[in-house]
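In what follows, chains carry the letters A, B, and so on, assigned in the order in which the sequence lines appear, proteins first and then strands, with residues in each chain numbered from 1.
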Amino acid sequence: MNEHTLDQEEGKSLNFLEEIIENDIKEGCREIHTRFPPEPNGYLHIGHAKSICLNFGLAKRYNGTCNLRFDDTNPTKEETEYVDSIKEDIQWLGFMWSKECYTSDYFGQLYAWAVLLIKKGLAYVDDQNQEEIRLGRGTVTVPGTNSPFRDRSVEENLDLFARMKEGEFEDGSKVLRAKIDMAHSNMLMRDPLLYRILHAHHHRTANQWCIYPMYDYAHGESDSIENITHSICTLEFDVHRPLYDWFISKLEIYPSHQYEFARLNITNTVMSKRKLLQLVQQKLVMGWDDPRMPTICGLRRRGYTPASVRAFADKVGVAKRDNVIDLGLLEFCVREDLNHNAERRMAVLDPIKVVITNYPEDKTEIIHCVNNPENEEAGKREVPFSREVYIERDDFMEEPPKKYYRLSPCKEVRLRYAYLIRCDEVVKDSDGRVVELRCSYDPQSLGGTSSDGRKVKGVIHWVDATKAKEVEIRLFDRLFLQESPDVVEEGKTFIDNINPNSLHIVRGFIEPELVKAKLGETFQFERLGYFAIDKDSTLENMVFNRTVTLKDSWAKENK
RNA sequence: UGACCUAUGGUGUAAUGGUAACACAGCUGAUUUUGGUUCAGUCGUUCGAAGUUCGAAUCUUCGUAGGUCAACCA
């Protein structure tokens, strides 16, 4: 066991899918087979991460297998670019599929089964156009009416369907439908479409086919071909289950079963692919991997770790109830991980220069700083210190409120790991803005402890002004300020809910050693939050993304 | 005016006819060379009504509320 001890596993209660599986195992199901079936028409988001953790996690837990299956039945929307990104994201999350499958691999079998259904009198070619079919379907309260082509002979259907496949007919001129019940209370059972004609180039089968199976026809059979025991999908497919079962039973093939769980929703976040695509296309974000996006690549770029996303998926649970998870839970998960695993560094995002007047002009000394107080093995590092340092503008107030224990005139504060300093003089420009603080240090206080036992409550971070490197730092706020960005007034869209101030770019200063940091590394900048190197980072212009702030009870109190 | 799904603290999730609990969020305090971390404490919960039962969050019935379904999308 790598992540949990056995005891923890045993103490945890089962979710409803685990209960079903354990019950199936008890009743003789020998191997568990799941699958993750994305359509390669966009990038994966945190909602998919929940499904990935579920499907791959269940397979792992019960020593089964989990296939990755690209559900590529609609060539007009699917691209290889997406296939590659999906594979990358799943592996980044820490999972590996047993088999890489494509629904398009089964086009031949699916076609043969459609012919079989026709022969059984369970499918027919319909010449009605889209509008006629829609009208014939009725409504949720009014039964549909049979198509005039519903009673074609088997021979005629076979002939027509073969000619559909041969490309004899125009797009939209004919479809293959199942013959079920036009008055069924479940709209999906009113003679659903099995095949449509689409003279389109497919990213894998190229121009081999001009008829393509619909989702409902392809999905269950693909599960069946792969011997999937537990086909897990989201709640909106619940009404599809009778149809899923219908095909399997009429075809008399391996009985896969479908189970539905509630999809993930997060406050202040939009999750639909369509909306995320819109954000990208309208250039409201930098791309699919913008650190403000809920995409997996966005989270990765932001500095989220695979373990933190997995922990989140675990904490949100699995059930059938519609839910909205507080974005704060995701932030909690990444803080918890990074607190233990990210090394500390010092950086100043909004500097004021501090001149230590009684410190020798040309002296530089080395300060030893703890890399991670949560992990002694992380050791210490050397940080230069000299007469001029930068501190955070927030860490000085000329007229401090009560309980402010940072720097203010005549008050003493600790420069973390270095010295105690006292502010003697405030230098301002002609506009009254503080430009420099002239301080004196206590030479006896190296390391930060006074020699006479006097207590100094405040501790602030700093960087050596002569040796610090200037970098770009990107600070993110939530993309939407409303808890439910999808809820909009008449005439508005979720786009109107975008937070205009979700990105702040600042120039900050970092410890000199930090320039060696590489893409993929994340640090805690002490007292500020967790920061990850951005892919835009270059030798000339290093770029850091703030993954998440630290909890800050002072800021909260003084809001 | 259909069928199906769902209903437990602020948000999630458990309790499988027998003491309603866990996490996040909130609030108090302690510790702390990060106003971080950690620790201790605290707030607050079974949609409604009737029924079955010694006993109901759990079973039954009737309500109520929310969601899903009428693409040649998945």
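One donor-acceptor pair, N or O on each side, does fall under 3.5 Å between the base of B/rU34 and the side chain of A/Gln524. If you check distances only, the side chain of A/Glu374 does reach the base of B/rG36 with a donor-acceptor pair under 3.5 Å. Residue side chain A/Arg527 does not reach the base of B/rG35 through any donor-acceptor N/O pair under 3.5 Å, judged by distance alone.
In this structure, A/Glu382 and A/Glu513 have side chains that are not in contact, with every pair of non-hydrogen atoms separated by 4.5 Å or more.
For A/Lys315 and B/rU11, the shortest distance from a side-chain N or O to OP1 or OP2 is not below 4.0 Å. Dashed line: the shortest gap from a side-chain N or O of A/Lys551 to OP1 or OP2 of B/rU37 is under 4.0 Å.
Nucleic acid contact for A/Arg241: none, since no nucleic acid atom lies under 4.0 Å from a heavy atom of the residue. Among the protein residues, A/Thr139 comes within range of the nucleic acid bases, having at least one heavy atom under 4.0 Å from a base atom. Within 4.0 Å (heavy atoms only), A/Asn129 reaches at least one base atom of the nucleic acid. A/Val316 comes within contact range of the sugar-phosphate backbone alone, with a heavy-atom separation under 4.0 Å but no base atom that close.
A/Tyr419 has its ring centre less than 6.0 Å from the ring centre of A/Tyr441.
Glycosidic conformation of B/rA71 is syn; the angle stays within 90° of 0.
Rounded to whole Å, atom C1' of B/rA23 lies 8 Å from atom CZ of A/Phe332.
In this structure, B/rC24 forms a base pair with B/rG10, meeting either the Watson-Crick or the G-U wobble geometry with both donor-acceptor distances under 3.5 Å.
Taking the 5.5 Å centre cut-off and the 30° plane limit, the aromatic side chain of A/Tyr215 is not classed as stacked on B/rA74.
None of A/Tyr111, A/Phe169, A/Tyr124 except one satisfies the ring pair (Phe, Tyr, Trp, His ring centres under 6.0 Å) rule with A/Phe161; the exception is A/Tyr111.
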